[in-house]
Protein chains: 2
Amino acid sequence: MCPGGTPRAAAAAPPEPRVTKQRVAVGDALDTLNDFVTTQELHRLMADDGASVSLATTYRILQSLADDGLVDVLRNGDGEAIYRRCSVSAHHHHLLCRNCGKAVEIEAPAVEAWAAKTAATHGFTSVNHTVEIFGICPECSAASQPATQP
Amino acid sequence: MCPGGTPRAAAAAPPEPRVTKQRVAVGDALDTLNDFVTTQELHRLMADDGASVSLATTYRILQSLADDGLVDVLRNGDGEAIYRRCSVSAHHHHLLCRNCGKAVEIEAPAVEAWAAKTAATHGFTSVNHTVEIFGICPECSAASQPATQP
DNA sequence: CGTTAGGATGAGAAGCATTATCAACAAGCT
DNA sequence: AGCTTGTTGATAATGCTTCTCATCCTAACG
């Protein structure tokens, strides 16, 4: 996820993207969110908010932000890419509610170490890993089990 | 992945799928493989092998097998579903080569425990998790780094 | 401050994986 | 053998993501 997987040789000049209103709109929209969203969801949110950014551009900008490590990317159960601006830039993982999308950032140094050690044991290099936990958060759990018929 | 997320009430009779030649073909094809494949890849492999199973059916059968926990499913970096018949039926994870697709099955009781504890701490229920490690295996690593210019 | 070059955008088409549809077929049972 | 019902195959449909290209706008320059 966050870790840079872009071994771009330090040769070409850093092509900084231009500051356009669309880029700002996407950035603002991400700032108002605490949960992961798909590109399409973010696009609709911006449309509802008055900002008009085309879907194609939304895809482009989110991808660009992800490449630069400015947002976290992971995949939901359906294989769709979901994005979120995370508060911590360090490597971390998530505990996600399958129902409402609520996300909790978690850190697990022990897991990091385990992953690195396991990979090394098998001789793997250029390693990265995905560790995500999906479940039902307390609120959704309470809401969806109001009456349990026998 | 493997864990059954199908809280199907124990009421309906167990609808065992019929033994058709297509199902057998998919099973055989999976047995000859040691690595994860996409549905499309498996479909082409079977076609090359003389077995003619339609693409739609391949999708159906793989999904069915996955539902029954007979094969492992996970997502590659592109979000595509990839399948593999695993030797151990217990819950486990994988160390995957990004280059050649080689997969190593790994077990991590400590990680399981950590995931369960973390979820419980935040009050999450119906929890499952994904833990996959991607990297470059020793062989690919050696092959792609023949000469290291200073 | 006006001009300019090239990256960025928008709208729609295109690409691709996956799923749905539905008539024809065949596995398993009596 | 005959019947019932789950399966299959071919194709259409769906939906996410990427590509194309004419137009627009940012950033830099004169």
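Taking 4.5 Å as the limit, some side-chain heavy atom of B:R23 sits within range of a side-chain heavy atom of B:S64. You'll find the side chain of B:Y83 stays beyond 4.5 Å of the side chain of B:L65, heavy atoms only.
An OP1 or OP2 oxygen of D:dT18 is reached within less than 4.0 angstrom by no side-chain nitrogen or oxygen of A:Y59. Under 4.0 angstrom from either OP1 or OP2 of D:dG9 there lies at least one side-chain N or O belonging to B:S54.
In terms of heavy atoms, B:R98 sits closest to A:V127 at NH2-N, 4.4 Å. Taking each heavy atom of A:E80 and A:T38 in turn, the nearest pair found is OE1-CG2, 3.6 Å. The two residues B:A119 and A:L95 have their closest heavy-atom pair at CA-CD2, 4.1 Å.
Both A:M46 and A:V71 are part of a single hydrophobic cluster, where members link through side-chain heavy atoms under 4.5 Å apart. Using a 4.5 Å cut-off between side-chain heavy atoms of Ile, Leu, Val, Met, Phe, Trp and Tyr, with links allowed through other members, B:L55 and B:L30 fall into different hydrophobic clusters.
If you take CD of B:Q63 and P of D:dT7, they are 14 Å apart, rounded to a whole angstrom. Separating the CG atom of A:L65 from the P atom of C:dA8 is a distance of 12 Å, rounded to the nearest angstrom. Here C:dC16 presents its P atom at 17 Å from NE2 of B:H43, a figure rounded to the nearest Å. A straight line from CG of B:D67 to P of C:dT18 spans 15 Å, rounded to a whole angstrom. In this structure, B:N76 atom CG and C:dT18 atom C1' are separated by 14 Å, rounded to whole Å. Separating the CG atom of A:L55 from the C1' atom of D:dC19 is a distance of 13 Å, rounded to the nearest angstrom.
Note: A:E132 CD to A:N76 CG = 11.5 Å, rounded to the nearest 0.5 Å. Between the SG atom in B:C86 and the CG atom in B:N34 there is a gap of 10.5 Å [rounded to 0.5 Å]. B:L42 CG to B:R84 CZ: the interatomic distance, rounded to the nearest 0.5 Å, is 13.5 Å.
Residues from residues 19-40 of chain A with heavy atoms under 4.0 angstrom of DNA chain D, sorted by number: A:V19, A:Q40. A heavy atom lying under 4.0 Å from DNA chain C marks the following residues of residues 79-86 of chain B, by number: B:E80, B:A81.
Between A:I61 and B:R75, it is A:I61 whose nearest contact on DNA chain C lies nearer the 5' terminus.
Checked against D:dG9, C:dA8, C:dA11, the side chain of A:A56 finds its nearest nucleotide in C:dA11.
Residue B:E41 is classed as having no contact, given no heavy-atom separation below 4.0 Å to the nucleic acid. Across all strands shown, A:L62 has no heavy atoms under 4.0 Å from either base or sugar-phosphate atoms. Residue B:S52 is in sugar-phosphate contact alone, with no base atom involved, counting any heavy-atom pair closer than 4.0 Å across all strands shown.
Between A:H129 and A:H93, the ring-plane angle classifies as tilted under the 30° and 60° cut-offs.
Of the candidates B:I106, B:D72, B:V104, B:I133, B:H94 forms a side-chain contact (heavy atoms from CB on, under 4.5 Å) with just one, namely B:D72.
With hydrogens and angles left out, the side chain of B:R60 and the base of D:dG9 share a donor-acceptor pair within 3.5 Å.
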Pairs under 3.5 Å (N/O, protein and nucleotides 2-6 of chain C):
| from | atom 1 | to | atom 2 | distance (Å) |
| --- | --- | --- | --- | --- |
| C:dG6 | N2 | A:R18 | NH1 | 2.7 |

